[in-house]
Amino acid sequence: MSRRGGGPVTVLNVAEKPSVAKSVAGILSRGTFRTREGRSRYNKIFEFDYAINGQPCRMLMTSVIGHLMELEFANRYRKWHSCDPADLYQAPVMKHVPEDKKDIKKTLEEEARKSDWLVLWLDCDREGENIAFEVVDVCRAVKHNLFIRRAHFSALIDRDIHEAVQNLRDPNQLFAEAVDARQEIDLRIGASFTRFQTMLLRDRFAIDSTGEERSRVISYGPCQFPTLGFIVERYWEIQAHEPEEFWTINCSHQSEEGLATFNWMRGHLFDYASAVILYEMCVEEPTATVMNVPHPRERFKYPPYPLNTIELEKRASRYFRLSSEHTMKVAEELYQAGFISYPRTETDSFSSRTDLCAMVEEQRRHPAWGSYAQRLLEPEGGLWRNPGNGGHDDKAHPPIHPTKFSSGESNWSRDHLNVYELVVRHYLACVSQPAKAAETTVEIDIAGERFSASGRAILAKNYLEVYRFESWGGSVIPVYEKGQQFIPTTLTLDSAVTRPPPLLCEADLLSCMDKAGIGTDATMHDHIKKLLDRGYATKDANTRFSPTNLGEALVMGYDDMGYELWKPNLRALMERDMNEVSVGRKTKAEVLETCLQQMKACFLDARVKKSKLLEAMTIFFERSNNTDESESQTAGEVIRRCNLCNESDMALRKNRDGNFMVGCMNYPQCRNAVWLPGPTLEASVTTDVCQTCGPGPVYKILFKFRQIGIPPGFDVNHLGCIGGCDDILKQLIDICGTGSRSQARRAPGTVPSNNIQGSNTRQGNFCIHCQQRGHASANCPSRATAFRNSRLTATNPRNDESTVSCNTCGTQCVLRTANTEANRGRQFFSCPTQGCSFFAWEDSINNSSGNATTGSNSGGSGRRGRGRGGRGGQSGGGRRNSGTSFVSATGEPVSGIRCFSCGDPSHFANVCPNRNNSNGNYY
DNA sequence: GCAAGGTC
């Protein structure tokens, strides 16, 4: 530190925000500063005397409000039509102080003129460093010989601040340059793509009905587009989901001591045949043997880490359904009024120097959580625990915590009360012991299958007592002893179908952004709001986001071009480059040159491929200059009542690509759609009502297919039904596909649907056999028929080991290899006909000697060789092969497939007319 | 009229 001789020097101190200026002034002057107005009503000037390294100083402390300057194109490039948007990659840019910051600039100039030193108290992050250089530029312009220093502090507490001012350093040019590069790249990319896509699309399409197209901006930004991308990607994932049926065995045991619910340790199987065989075996020998009763284990549920901005936003969304943007507005108001600490922080750990107890003490007066706060402070209660460390520290702000007691102010809304309560309870939870429980897991064996049940006894709720937003359920199970045997009260084979993931909620979206490094804690909510404001996405009452047509079309357009401009990778690469600049491994110029060169090439190429964007838009929007055509697009002939929303009719439509579909007229609220075969040339609704499908009338469609587009054997004319009964339509869709765009966007590895109800439906839970809603496939009437009709033996007329015909429908069966854990490698025949469930193990048919023994069959997995205890001393192979029949564990022959409910060999138990369980479960 | 980043 250079010193100046003579009297005191005048030091201009500048902080990033007024609150920090006031805090620093308060700490350095020990509360004795004088306040004077500046040009800006928010940015006061605080004056006090202080000695820096022995040098007496007259301190002037003021602030800016975040960035003082903005980056802007040179004048002649500012008007949208003034240049080719591609020119924006080289157009000169400059920093300028915007109108609303001019008064702050004036204050800085006036105070700098009378100062000898400039000390920068900006936040200690990259943006803060950049703002520091903005302040330097303004001040140096009026006082070129200013002595400039930077204060480094990590918290607004006495020791840090005094240390900072006694150890002033140089500002970090590299940090500032990294931000400069980021700003320039964001501006050039954002402006060029925004102008390009707005001018390309706005006037060509009727994007909204309000006639506001002329003022609509279709913006592109390196943060807003990846955020939109997350929403669209999840939406596509849901659309592409094919429900898949799976099976699981559930078991319960009711005793005098209570009920235990056992879960199958295999989880679930997707192979019905395997599941039913394992189930049969359990039902045949249902005695359960307790295998394992470990001692209760102590479990803990830990309180959350100290609260940072993203967690505050996520939790407020989850607990109170507040939008992240509104949460931040409310938090800002609470902060301004002094009730909570600074709400924009990444930090989720408290500095060891924080006085944690003081914050608890204040809260003892609160009627709701005061007594908990009191108990926290009593050492004998043992409730206190030092808070965890979440591993994030922005070196500028502590975690969000209460700073002033309140039991609710008169001007607070419900949202203020909620956010304050969340901050307080979260803080109290952080300094509390974890909840404690004792967990017991009982494992049983039924016919070689393992099941487990768990019980949890809560021993101490601890932090959960105050953190009412979280819970930890306790459940009691009876006491079991190893070796104990019992007969289960229920043993059911249950089916369910896989469901698509839900739409992203606000907390999910924030997590995606956080993980991918999109935006900062202070800006994430802005990006989300921007998507809503721009009309790219909508948010429903459950805070779940769907893309709008515009949002989906934009992402689809760029995706079709082959670009990942809507994915987070671009931002991640930029972020990596910024880091390289800030540590000096790359220069700002280097990064700007390579990045902008690549982005310009990408921009030019996107412009060449603009037809992709136009095509994507055409799928969703009418051309704004052709109203006649648009009428024919929106009108349509009614086919049926929508079986998804039940609110509107579904009508036959043709899109601009010439593809036909039957869609819900309540679109876009309901997106139920049935896409028709790709080769459909003409389609018209008839007055014929399908006699099979329902509910309500389903009118048949007269199709004319392109001869060249359909396989031999199909007629070009076809009177068809979209209700699910029409096998010809299903086959054509299977073979030729539809015009649906989502077909092309199926998740990798998924099989194209032969489900005529369409991959566009947004809810699962319809029967995968007959495509109707209202029942699971276990209860499907068509399936029941197939089972009932099923002959219970397979024949092998040619005595050919590899050929078996299904005796139900005569189709040649397919020899498959089991891939379930129980039967891996074992081969079986199954009928390929849709709806026919014929099934037979290969070794059951071909090994008809009747003397098959334990585990000796070819391909046997050993599953059948496992000792199962139980009746008659049979130590294995309870089911012996005898032609296509089986012998039971007691040696009695039983038919291969029979009902385990009533014993009737004509049907399976899940379709047994005597079953008494409306869910189709049976025992 | 474009971006994202500060903050009142």
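Each chain gets a letter, A, B and so on, in the order its sequence line appears, and its residues count up from 1.
If you check B/dA4, B/dC2, B/dT7 against the side chain of A/Val217, the one that comes closest is B/dC2. Side-chain proximity of A/Tyr335 to B/dC8, B/dC2, B/dG5: nearest is B/dC8. Side chain of A/Phe73, nearest nucleotide from B/dA4, B/dG5, B/dC2: B/dC2. For A/Glu127, the side-chain atoms get nearest to B/dG5 when compared with the rest of B/dG5, B/dA4, B/dC2.
A side-chain donor from one of A/Asn43 and A/Ser63 sits under 3.5 Å from a side-chain acceptor of the other. Neither side chain, A/His525 nor A/Glu506, offers a donor N or O lying under 3.5 Å from an acceptor on the other. The closest side-chain donor-acceptor pair between A/Asp415 and A/His326 falls under 3.5 angstrom. Counted by atom type alone, A/His416 and A/Glu333 present one or more donor-acceptor pairs between their side chains at under 3.5 Å.
One finds a side-chain N or O of A/Ser219 lying less than 4.0 angstrom from the OP1 or OP2 phosphate oxygen of B/dA3. Put simply, A/Arg344 has a side-chain N or O that comes within less than 4.0 Å of OP1 or OP2 on B/dT7. Taking only side-chain nitrogens and oxygens, A/Tyr77 never comes nearer than 4.0 Å to OP1 or OP2 of B/dC2. Distances shown here put a side-chain N or O of A/His527 below 4.0 Å from the OP1 or OP2 atom of B/dG5. Within the 4.0 Å cut-off from OP1 or OP2 of B/dG5, at least one side-chain nitrogen or oxygen of A/Thr523 is found. One finds a side-chain N or O of A/Arg571 lying less than 4.0 angstrom from the OP1 or OP2 phosphate oxygen of B/dG5.
As judged by a 4.0 angstrom heavy-atom cut-off over every strand, A/Gln183 is placed among the base-contacting residues. If you check every strand for non-hydrogen atoms under 4.0 Å, A/Met69 touches a base. As judged by a 4.0 angstrom heavy-atom cut-off over every strand, A/Tyr220 is placed among residues touching the sugar-phosphate backbone only. Residue-level contact check: A/Arg188 touches neither bases nor backbone, having no heavy atom under 4.0 Å from any strand. Contact annotation for A/Leu71: base contact, defined as any heavy-atom pair under 4.0 Å involving a base atom. Counting any heavy atom pair closer than 4.0 Å across all strands shown, A/Glu333 reaches no nucleic acid atom. Among the protein residues, A/Arg126 comes within range of no part of the nucleic acid, since none of its heavy atoms lies under 4.0 Å from any strand. Residue A/Pro18 is in sugar-phosphate contact alone, with no base atom involved, counting any heavy-atom pair closer than 4.0 Å across all strands shown. Nucleic acid contact for A/Asn43: none, since no nucleic acid atom lies under 4.0 Å from a heavy atom of the residue. Using a 4.0 Å heavy-atom criterion, one finds that A/Gly519 contacts the sugar-phosphate atoms exclusively. When heavy atoms are screened at a 4.0 angstrom cut-off, A/Ile189 is found touching no nucleic acid atom at all. Residue A/Lys530 is in sugar-phosphate contact alone, with no base atom involved, counting any heavy-atom pair closer than 4.0 Å across all strands shown.
One can place CG of A/Asp186 at 10 Å from P of B/dA3, the figure rounded to the nearest angstrom. Rounded to whole Å, atom P of B/dA4 lies 13 Å from atom CD of A/Glu70. Rounding to whole angstrom units, CG of residue A/Asn130 and P of B/dT7 are separated by 13 Å. A/Asp123 places its CG atom 6 Å from the P atom of B/dT7, with the value rounded to the nearest Å.
Checked against the 6.0 Å centroid criterion, the rings of A/Phe225 and A/Tyr220 qualify as a close aromatic pair.
Taking for each of A/Tyr42 and A/Lys79 the nucleotide of DNA chain B with the nearest heavy atom, the 5'-most of the two is the partner of A/Lys79. Where A/Ile65 and A/Leu88 each meet DNA chain B at their nearest nucleotide, the meeting point lying more 5' is that of A/Leu88.
Side chain A/Glu72 to base B/dC2: a donor-acceptor pair is found below 3.5 Å.
Sorted by first and then second residue, the pairs that involve residues 580-589 of chain A and meet salt bridge (charged side-chain N to carboxylate O under 4.0 Å, His left out), not counting sequence neighbours, are A/Asp180-A/Lys588, A/Asp577-A/Lys586, A/Glu580-A/Arg585. Pairs engaging residues 517-530 of chain A under the salt bridge (charged side-chain N to carboxylate O under 4.0 Å, His left out) rule: A/Lys529-A/Asp533 [sequence neighbours left out].
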